[in-house]
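See structure below.
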Amino acid sequence: MNAQPRRVEHLQTDKGSVPVYTTAVIEQPWSSYSREDHATWADLFERQQKILVGRAASEFIENQQRFGMTPDAIPRFDDLNRVLKKATGWELIGVEGLLPELTFFEHLANRRFPVTWWIRRPDQIDYISEPDLFHDLFGHVPLLLNPAFADYMQAYGCGGVKAHGIGADALVNLTRLYWYTVEFGLIKQDDGLRIYGSGIVSSKGESIHCLESPAPNRLGFDLTRIMRTRYRIDTYQKTYFVIDSYRQLMDATAPDFTPIYAQLAQQDSIPAGNVLQGDFVYNRGTGEGWLNDGDI
Ligand code: HBI
Ligand code: FE
């Protein structure tokens, strides 16, 4: 049984009331993982690896192999860091769990990715409301080997530190950008739409739902459209945004967001399930898209 992480408080955020942990950086207590912890990693890894064939972005699969991640045991952060540091200068650090936003942003701005050191219990295998080791290691870490995505994550962190200084509305806008790209993003490949978002690749049901269900919208990436779009944390997404490339994400964070936040402050937010005139709508089957010229 793994040691229970130390909760400090609950923070009311737009993700609901989430536990916020100490900001301490913790050495991964690899030898303290129980056989049950390693078995939970193996179960989740093997299940997701099967589901993600033909569904996950090609870089995601390739990079998992470059890290040498296997279901055999929970990976050691030190082993992963040897590969990661050389490739894009990023470093994994162990943490207790969700960090206060400013702390999180400061780590990203310095190419440090916080990874929760503990893994969920077997009875939480299908869903856990906060990022555990599986979500972070399996979901977030592979794409940090991609130079453009690694640049984007650092730029996002720098933007987050700035937004924290501007105010709560700017933070809400920026958190939506993280949500609809890093956590729930899709990418267009020659062979169709594929998943790169960590929240999806670490979830069995949503890995299938996001590409195959007729219910959700799949819209072309548009920075201000994303920043205006609300989201739910307790259901599958009603809208997914599709990028053409990771470089597109990096380029989108090039401008100073201050005037964008000012413009957004004058506009209403958009319900998660709406499709608006001017949205670029993708067809889930063919991956082809068209400009929506009328309100749906
Ligand atoms: N803390 N450890 C950790 N991991 C996250 O993904 C994380 C966080 N704190 C805040 C946060 N994510 C989100 O609010 C981001 O949108 C900033
Ligand atoms: Fe995450």
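Just so you know, ligand 1 is whichever comes first in the structure, and atom 1 is the first atom listed for that ligand.
Taking the centre of each ring, F241 and Y180 come in below the 6.0 Å mark. The distance between the ring centers of Y178 and Y156 falls below 6.0 angstrom. A ring-centre distance under 6.0 Å is found for F184 and W179.
Heavy-atom proximity to F105, at under 4.0 Å, picks out these atoms of ligand 1: 17 (C). Atoms of ligand 1 lying under 4.0 Å from any heavy atom of L99, numbered from 1 in the order shown and given with element: 1 (N), 2 (N), 3 (C), 8 (C), 9 (N), 10 (C).
Under the 4.5 Å side-chain criterion, counting only non-hydrogen atoms from C-beta, H135 is in contact with E183.
Residue E101 has at least one nitrogen or oxygen atom sitting less than 3.5 Å from a nitrogen or oxygen atom of ligand 1, judged on distance alone.
The residue from Y178, F104, Y156 that puts a heavy atom closest to atom 11 (C) of ligand 1 is F104.
Side chain to side chain, Q189 and S58 meet the donor-acceptor criterion of an N or O pair below 3.5 Å.
With the Fe ion (ligand 2) as the vertex, NE2 (H135) and OE2 (E183) define an angle of 130°, rounded to 10°.
Taking a 4.0 Å cut-off on heavy atoms, G160 fails to register as neighbouring ligand 1.
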